[in-house]
Amino acid sequence: MDNLMNCPQCGKLFVKYLREQCDMCFREEEQDYDKVYRFLRKSENRKATIVEVSESTEVAESKIIYFIHQGRIRVKGYPNFTYPCDGCQAPINDGRLCEECKARIKSELSLEDLIRRKQEEALPSYHTDDN
Ligand SMILES: [Zn+2]
Ligand SMILES: [Zn+2]
């Protein structure tokens with residue numbers, strides 16, 4: 001059996017099939033997701049903060065953020081619901097990064113792009129036609 005691995009969440013050995021976690025953790029995660037999702041869907045909870053959501057659903061804040069990072073939960077439109085930016089910890093309300101980090105990463109990426117392009121131009125082509 002070459003598909004055995006330890007569940008990253010509980011350490012239990014399981015057969016890696018469709019998921020990177022064991023069935024028990026998967027089910028637990030789905031239940032957590034469901035709780036958060038249902039809670040946020042209620043219009044009276046539109047003004048909830050992440051702390052309030054976490055307390056009401058008994059789902060850890062880190063897990064709620066994990067669902068947001070996965071794109072399964074969106075809190076845009078929830079004015080008080082903020083969580084830390086992945087890059088600088090500033091409070092954000094959508095995606096993984098604040099606008100500043102997005103802009104920074106974008107410019108870094110295009111810089112990398114530029115460098116790579118320059119390098120490729122400088123290199124001889126990779127045709128291996130040595131006589
Ligand atoms: Zn597990
Ligand atoms: Zn940031």
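Each ligand, and each atom within it, is numbered from 1 in the order the structure gives.
Of the angles at the Zn ion (ligand 1), the one spanning SG of Cys10 and SG of Cys7 is 110° when given to 10°. To the nearest 10 degrees, the angle centred on the Zn ion (ligand 2) between SG in Cys88 and SG in Cys85 reads 110°. The Zn ion (ligand 1) lies at the vertex of an angle of 110° between the SG atom of Cys25 and the SG atom of Cys22 (rounded to 10°). Vertex the Zn ion (ligand 2); arms to Cys98 SG and Cys101 SG; angle rounded to 10 degrees, 110°.
A salt bridge links Arg72 with Glu30: at least one charged nitrogen is closer than 4.0 Å to a carboxylate oxygen. A salt bridge does not link Arg104 to Glu100: none of the charged nitrogens lies less than 4.0 Å from a carboxylate oxygen. One finds no salt bridge joining Arg117 and Glu121 here, because no Lys/Arg side-chain nitrogen approaches an Asp/Glu carboxylate oxygen to under 4.0 Å.
With hydrophobic clusters built from ILVMFWY side chains whose heavy atoms lie under 4.5 angstrom apart, Phe26 does not share a cluster with Phe14.
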